[in-house]
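Remember, predicted model here, so these are calculated numbers, not experimental data.
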Amino acid sequence: MFIAFAAERTRHIRLGTGVISLPYHHPMMTADRIVQLDHMTRAVSCLAPAGLLASDAIMMGIDPMTQRDRMAEALDAILRLFKGEIVTRRPIVHDGRDAASPVALHQAAS
């Protein structure tokens with residue numbers, strides 16, 4: 001709710017998502033949420049990826065030694081989705097179908 005409140009009142013301040021632990025989220029769903037936020041904030045939002053706390057991985061049943069690879073692969077897939085590419089590789093993070101972002105990032109006026 002805070003970002004929605006702040007986005008309504010600014011066009012210049014960059015608004016962050018807080019941390020998104022990429023190893024625990026499907027890249028397609030993360031990209032979709034960021035694109036939605038990007039449109040709602042008129043391109044003043046930014047992504048803050050993370051996800052390397054061993055304690056979090058253990059609580060999620062994930063081997064902490066795989067976290068760095070999971071984060072790198074998820075970030076790669078997200079960035080490709082932002083470019084409009086179709087991601088056909090099965091990520092380490094999740095099994096599933098091919099993914100494509102349904103909407104492109106907002107193009108802010110220069």
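Atom-to-atom distance recorded for Ile62:CD1 and Arg70:CZ is 4.5 Å, nearest 0.5 angstrom. For the atom pair CE of Met29 and CG of Leu81, the computed distance is 12.0 Å after rounding to the nearest 0.5 Å.
Using a 4.5 Å cut-off on side-chain heavy atoms (C-beta onward), Asp56 and Gln67 make no contact.
By the side chain to side chain contact (heavy atoms under 4.5 Å, CB included) test, Leu79 pairs with Leu75, Phe82, sequence neighbours left out. Residues passing the salt bridge (Lys or Arg N to Asp or Glu O under 4.0 Å) test with Asp76, sequence neighbours excluded: Arg89.
Across all non-hydrogen atoms, the minimal contact from Pro64 to Ala57 is CA-CB, 4.0 Å.
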Where do Ile78 and Ile34 land on the side chain to side chain contact (heavy atoms under 4.5 Å, CB included) test, with the steps shown first? CA-CA 10 Å; Ile78 290 166; Ile34 296 303; 5.9 Å; no
